[in-house]
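Here's the structure we're looking at; comments come further down.
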Amino acid sequence: MNLDGETNLKRKQSLQITSSLTNDQSFQKFKALIKCEDPNDKLYSFIGTMYFNGVQYPLSPQQILLRDSKLRNTQYVYGIVIFTGHDTKVMQNAMDPPSKRSNVERRMDKIIYLLFTILVVIASIGSIFFGIKTKGEMSEGNYMWYLRPDKSSIFFDPRRAGLAAFCHFLTSLMLYGCLIPISLYISIEIVKVLQSTFINQDQKMYCEESDKPARARTSNLNEELGQVHTILSDKTGTLTCNSMEFVKCSIGGVAYGSGSTEAEKSYRKDKEINYFELKPLSSGFNGYERLVKGFNFYDDRLMNGQWVKEPHSETVQMFFRVLAICHTAIPVVESKSVSYEAESPDEAAFVTTARELGFEFFQRTQMSISLHEFDLKIGRKVIRTYKLLNILEFSSARKRMSVIVRTEEDELLLFCKGADGVIFEKLSKDGQVFEAETKCHINEYSEAGLRTLAVAYRKLTEEEYRIWNEEFLAAKSSVNADHDMIVDEAAEKIEKDLILLGATGVEDRLQKGVPECINKLAEAGIKIWILTGDKLETAVNIGFACHLLRKEMKNIVIKLDTPEISVLKDGDKEAIKMAINERIANQIREAQSQVSSSKGSSVSFALIIDGNSLAYALSSGLENSFLDLAVDCASVICCRISPKQKALVTRLVKRRTRKTTLAIGDGANDVGMLQEADIGVGISGVEGMQAVMSSDFAIAQFRFLERLLLVHGHWCYRRIAAMICYFFYKNLAFGFTLFWFEAHALFSAQPAYNDWYISFYNVAFTSLPVMALGVFDKDVSSAICLKFPSLHQDGIRNIFFSWPRILGWMLNGIITATIIYYFTTNAILDQAFRSDGRVAGSELLGATMYTCVVWAVNCQLALYLSYFTWIQHLLIWGSIFFWYIFLVIYGFFPPTISTTAYRVFLEACVSSPLYWLSSLFIVVAALLPYFSYLTFQTMFFPKYHHSIQRAKTGDS
């Protein structure tokens, strides 16, 4: 089923009563009535009842096919359409994606407001002076007869000076409109799309095993990658492979399984562990070659049928029988070999293990499961068929799965597997024989980084089952809002008095390169949180294995299973709640004092908190204290938490720190977290594509996050920041030459340049070089970015787009405009410009100033660039050259079109040495302030990236 983005098997089957309808003719006399719930967006639940021949048959999600489902293990199906159009699940789930904007874009909006304010201010200044001057035209001392104030239009009427000033204000807004970089938004979008293309084409982020490259699913957040402060990561399938392998098991209080897990190997490297001492379970056998996917188990006592010699062989038999029957997997038989399609990797590993140890599940029908298993009584393998009566499916609320079967001996059995905490609560007194030993083994498995499940069963009487089944069918047939709760309550009544058989230990191995990646990200100053549903011990040991936790760290553990809380279990609920809240608050305060006392030292802390404690820590009274503590810690692990808690933690971190957060996950349970974070990164792993579909960036493995952030993030952030600053610089440099000329012309609204000069400035002469800056420039190579991950701190501290830097570039633009205007007017006015001795007019002054502006802003860009390609050379010098080509071509147009540009270049500028010499010296003078500042800063107050660049230059 692909509607939810998942590719794993979802078992669908018809009702037993309709399973015989297998051709068109069988439907001719078929009549039934279906009553079901109203249309809703719930993909994993369906409540309905089919009435056929006067009997009610409950309908469940197993009988519902969603849109875009793909059939397996059957060629065709007959069905009836229930919902269409906007009533379908896909339309009910349709919603606008969360709107995400980068911090750079938000700040850019504020700068646009600032520029608009500058525009209004200088337009107002000019209008005020113009109004004063216009009103003064009526006095004899200021009378300018050639302007004919006695017969002037509304735009220059001394008798209505206020109205004339207002009209001048509107004219000035249009004249200085170039200060507002409208083309900036378009240019940034183009640049970001090209940056995204580079991310998509990066071969070093391509995974050969899965044949999946990195994908930028949005281009809005490229620069945010270079500012990531906190990473919130799922564990299973994100840090690990989500390819489960059966490694160890405990049966009848006896531990089985040889070899070491990755967590154990990591522990053995670190001798000095302050928390959770590991006890090697078994040494000796490490050479067993893994030939079967999902099966990494070896123990001479169980392999090759040797389990029959165990003292408790019947318990072993029942244990593996439960693994072979209690599931929803489908067998795929091919040339005498059996493989399995399962809803989860865990389930596939259990069925595969049962097969390898002599309990081969090979056939499944609507109502039965068949095994090849060893019969202890007759001493050989036989085919046994178990009639499936009920399947009580796994859910995150139930944390267990059960099946009720009838054996060939007409015996009723309930098989159950689930979380150990849930199973232990449902054991009968007679079923607790191995509980202490099994709990001990489960703790050891968890400390070794294994995922654990407890396995149990019970026998049922006919009368007990008959009564319960009637109640269960009635619950399943109910059509109301509490349907799921009613069904769970009915299931609860039969899942009791269980007999414990043992527990399983399944390893989810770390992905390749995860420890190295986390080390690099930590060196970059990025805080990493793990948000997982695993047990505390499992999460902690995986944390050590992936180097998120290190031996020199001090671990702060906040949890509820303390003696003080255990005493209150049977008390008043409100009293318990208050006591727990106070206990969590005390633990947080103690931890804060511990962290505060160590500030200034080299000691780092790791915070570890379980889901129950987190629920209280996220309450309104404690969330600020909890976050303050978490922020002061180098690493944070939240375990046993729900998908909703993942999203809540992400929201808290994002809002309270006001720093860029990145969430990364691979499953449907991570979607809320990905959408809540500033950046969502989906991993296209075993669990399907729903996380990818909800993400902003997609990668195949966690290790590629290192390159995505430290290389592409650094480049994109620096390029976009420089591009925006340069845009403001060049627009102010151009706009303020207009303002100074306006002041020279007594604010008469006479433009310094030809109208087409103004129109083409941002379109033809300065647009392409700045886009090349945004696409190609890089201060250091990718190898240097990875070698010096601290470069990422430039983004976290927002060095390249801070207000001082932005205002500095804006001031540089005003200085450039001032130098160009005053140097140009003093250089070419009041002296011979043409070869025949004529002086320069406004058209020559405008052409010379414009030439200086085009040269200065393009050379300024060349001065800033750290990395030149032939494309940048072509666009920078090509833009300058194109200005001269334009001036020549435009000059050939008739004077009615070209106006002040008519043959101005060929007839006046080309032959004038003053034009060329003044352009050269004025451009050098305009670039000198920035060059002096850059040299002074680099030599005496270098930034970290300056030091890296100088070191790299020295090495080369």
Side-chain angles (χ1 to χ4, degrees), residues 178 722 725-741 744 752-754 757-758 760-770 772-773 777 808-831 833 840 842-866 868 872-888 901 904-905 908-936:
C178 58
C725 289
Y726 176 78
F727 239 101
F728 296 139
Y729 157 79
K730 73 182 183 69
N731 279 32
L732 285 169
F734 181 66
F736 267 83
T737 56
L738 289 170
F739 177 74
W740 297 132
F741 182 82
H744 179 78
Y753 308 120
N754 184 283
Y757 294 178
I758 297 175
F760 270 54
Y761 178 75
N762 277 324
V763 175
F765 307 133
T766 60
S767 61
L768 294 180
V770 70
L773 163 68
D777 188 43
W809 273 99
M810 295 173 72
L811 179 63
N812 186 28
I814 296 173
I815 293 172
T816 299
T818 305
I819 291 174
I820 289 176
Y821 173 77
Y822 285 103
F823 280 36
T824 303
T825 52
N826 285 285
I828 69 172
L829 293 181
D830 303 327
Q831 57 183 307
F833 186 89
S842 62
E843 75 282 359
L844 289 174
L845 176 64
T848 306
M849 273 203 305
Y850 198 92
T851 300
C852 293
V853 170
V854 171
W855 268 96
V857 297
N858 281 289
C859 289
Q860 174 74 75
L861 182 61
L863 198 61
Y864 175 82
L865 288 176
S866 303
F868 272 99
Q872 288 158 312
H873 279 295
L874 175 66
L875 294 180
I876 291 174
W877 313 123
S879 295
I880 297 173
F881 182 70
F882 182 65
W883 154 242
Y884 294 112
I885 299 298
F886 168 80
L887 205 54
V888 172
V904 69
F905 184 71
C909 296
V910 169
S911 59
S912 173
L914 184 60
Y915 171 79
W916 297 105
L917 288 173
S918 61
S919 297
L920 174 62
F921 286 108
I922 291 170
V923 169
V924 172
L927 295 175
L928 199 56
Y930 174 77
F931 180 78
S932 302
Y933 167 77
L934 185 63
T935 304
F936 179 79

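Counting heavy atoms from C-beta on, the side chains of Ile758 and Phe734 come closer than 4.5 Å. Proximity of Ser842 to Tyr753: side-chain heavy atoms (C-beta onward) are nowhere separated by under 4.5 Å. Residues Ile876 and Leu865 are in side-chain contact: their nearest non-hydrogen atoms beyond the backbone lie under 4.5 Å apart. When side chains are defined from C-beta on, Leu861 does not count as touching Val857, because their heavy atoms never get closer than 4.5 Å. At a threshold of 4.5 Å between non-hydrogen side-chain atoms, the residues Asp777 and Ser866 count as touching.
In this structure, Lys730 is not positioned above the aromatic face of Phe728 in the sense of NZ or CZ being under 6.0 Å from the six-membered ring centre and within 45° of the axis.
Two rings, from Trp883 and Tyr757, have their centers less than 6.0 Å apart. For Phe886 and Phe765, the distance between ring centers is under 6.0 angstrom.
The aromatic rings of Phe868 and His873 lie parallel to each other, with less than 30° between the two planes, well short of the 60° mark. In this structure, Phe905 and Tyr884 have tilted ring planes: the angle between them lies in the 30° to 60° band. Taking the six-membered ring where the residue is Trp, Trp740 and Tyr822 present tilted rings, their angle falling between 30° and 60°.
Thr766 contributes a side-chain N or O that, together with a main-chain N or O of Tyr761, makes up a donor-acceptor pair within less than 3.5 Å. Under the 3.5 Å distance criterion, the side-chain polar atoms of Ser912 are left unmatched by any main-chain donor or acceptor of Cys909. The backbone N or O of Ile828 sits nowhere less than 3.5 Å from a side-chain atom of Tyr915 that would complete a donor-acceptor pair.
Considering all non-hydrogen atoms of both residues, Ala856 and Leu927 come closest at O-CD2, 3.5 Å. Residue Phe833 comes nearest to Leu844 through the heavy atom pair CD2-CD1, 3.5 Å, listed as atom of the first residue, atom of the second, then distance. Summarising the geometry of Ser911 relative to Pro913, their closest heavy-atom pair is O-CD, 3.3 Å, with the distance given to 0.1 Å. Residues Ala901 and Asn754 come closest through the heavy atom pair N-ND2, 3.8 Å. Asn858 and Val854 get closest at one heavy-atom pair: ND2-O, 2.8 Å. When every heavy atom of Ala827 is checked against every heavy atom of Ser918, the shortest pair comes out as CB-CB, 4.1 Å.
Of the N and O atoms on the side chains of Thr816 and Tyr930, not one donor lies less than 3.5 Å from an acceptor on the other residue.
Screening Thr851, Val923, Val853 against Ile820 for a side-chain contact (heavy atoms from CB on, under 4.5 Å) leaves a single residue, Val853.
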